[in-house]
Amino acid sequence: MDPESIKEETERQASTTKMMNSSLMEEHKVEEEEDDEGSDIDRRYKYVPKPEPEWDVDSYDGREYETDPEDRQFFSDEDSYQEFRTRKRQAIESKGFIPEPLSGTYPIQDLEEIAYRNMTARELMTNLANLCVKKLNDQKGTTVELVEIVRVIELGGATWNSYITFMAREYPNGPLVEYQAKVMSYVGQEKPPFPILCRPSPKLSV
């Protein structure tokens, strides 16, 4: 699998994930089993929410890149395989803030596109990131201020996580610092978005 094939597969997965999210925006019909009386229970709508994550606990903590020898068979040459390994390692070291090849994560390509209720993706992600910034400031007594959204990676289904990279100032008129925010949102806005973490971006080793 060459770099172009990796890109095409990633875009295909992004399209599939978006279709799933769109479908999940409609409540799912489920058929119940017959009750003890033997009568049929009407079809009804059901939604089972995902438990809320714990603040400042990263699901990527403790995860390290491990080479899978079987991956090699999918690449036509060594250079393509090594590029795949580098991108996967970077994604894991970034803890989700860089797209992980063939994982179902996808970047928002156009932040100026209308995303929700006449809001652009940039406006929506700014609001979500600010939830995390406020939580950080409230918890740690900091004065971080979001300046500009840089990029966004998304992953999800019935709930989805937004991995938001943004520039911030840690104090008034301070230098720009790259930060990360992670927030979980619910399909159909069943519940308010839930801030997961907010921190300076880590330095990548590769």
Side-chain angles (χ1 to χ4, degrees), residues 10-11 13-27 47-61 91 94-100 103-202:
T10 301
E11 291 176 348
Q13 289 195 15
S15 177
T16 300
T17 303
K18 288 180 179 179
M19 291 175 63
M20 290 175 60
N21 287 346
S22 176
S23 176
L24 284 164
M25 291 296 288
E26 303 292 334
E27 295 175 302
Y47 172 71
V48 179
K50 182 177 179 180
E52 292 181 348
E54 185 177 351
W55 166 254
D56 208 25
V57 174
D58 194 338
S59 59
Y60 273 81
D61 284 347
S94 77
K95 298 189 174 183
F97 288 83
I98 294 176
E100 183 177 341
S103 70
T105 61
Y106 63 92
I108 293 182
Q109 301 288 353
D110 185 3
L111 288 170
E112 308 310 324
E113 184 178 17
I114 297 298
Y116 179 72
R117 293 185 178 178
N118 295 322
M119 297 176 62
T120 66
R122 183 180 301 280
E123 291 170 331
L124 177 60
M125 292 303 146
T126 297
N127 290 344
L128 293 178
N130 272 325
L131 291 177
C132 299
V133 171
K134 183 179 186 304
K135 183 82 170 184
L136 173 70
N137 289 338
D138 289 346
Q139 292 285 320
K140 298 189 176 181
T142 52
T143 57
V144 175
E145 179 182 3
L146 185 153
V147 176
E148 182 181 11
I149 301 294
V150 176
R151 62 179 176 272
V152 180
I153 308 299
E154 297 215 304
L155 171 66
T159 63
W160 69 93
N161 290 336
S162 298
Y163 298 80
I164 307 168
T165 301
F166 63 97
M167 301 308 295
R169 299 188 193 278
E170 296 179 325
Y171 52 88
N173 300 318
L176 291 176
V177 180
E178 187 176 275
Y179 262 69
Q180 297 175 340
K182 181 178 177 181
V183 59
M184 184 172 76
S185 300
Y186 296 84
V187 166
Q189 304 297 313
E190 289 283 341
K191 298 173 66 176
F194 191 90
I196 299 176
L197 59 81
C198 187
R199 65 192 176 202
S201 297

For the residue pair [X] and [Y], what are the closest heavy atoms and their distance?
X    : Y    : result
L146 : E148 : CD2-N, 3.7 Å
W55  : C198 : CH2-N, 3.8 Å
P193 : V183 : CB-CG2, 4.0 Å
I108 : M125 : CD1-CE, 3.9 Å
R169 : N173 : CD-N, 4.3 Å
L197 : F97  : CD1-CZ, 4.3 Å

Kindly check if the number of other-residue, nucleotide or ligand heavy atoms within 6.0 Å of CD (E178) is above 12?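 For E178, atom CD is crowded (more than 12 foreign heavy atoms under 6.0 Å).
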In this structure, are over 12 heavy atoms from other groups packed under 6.0 Å from N118 atom CG?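 Check fails, neighbour count at 12 or below.
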Is the shortest heavy-atom distance from the side chain of [X] to the side chain of [Y] under 4.5 Å?
X    : Y    : answer
T120 : I114 : yes
E123 : R117 : no
P200 : E170 : yes

If we ignore hydrogens and angles and just use 3.5 Å, is the side chain of N137 paired with the main-chain N or O of V144 as donor and acceptor?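 Here the side-chain-to-backbone pair exists.
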Quick one: does any side-chain atom of R151 pair with a main-chain N or O of T165 as donor and acceptor, under 3.5 Å?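 No, because the side chain of R151 does not come within donor-acceptor range (under 3.5 Å) of the backbone of T165.
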How many angstroms lie between [atom1] in [X] and [atom2] in [Y], if you round to the nearest 0.5 Å?
X    : Y    : atom1 : atom2 : result
L131 : L136 : CG    : CG    : 12.5 Å
L128 : K182 : CG    : NZ    : 14.0 Å
K134 : Q139 : NZ    : CD    : 10.0 Å
L155 : N161 : CG    : CG    : 6.5 Å

For Y179 and F166, take the angle between the two ring planes, folded into 0 to 90°, and tell me which bin it lands in: parallel under 30, tilted 30 to 60, perpendicular over 60.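 The arrangement is tilted - the two ring planes meet at 30° to 60°.
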Working for side-chain contact (heavy atoms from CB on, under 4.5 Å), residues K191 and M184: CA-CA 10 Å; K191 298 173 66 176; M184 184 172 76; over 6 Å; no
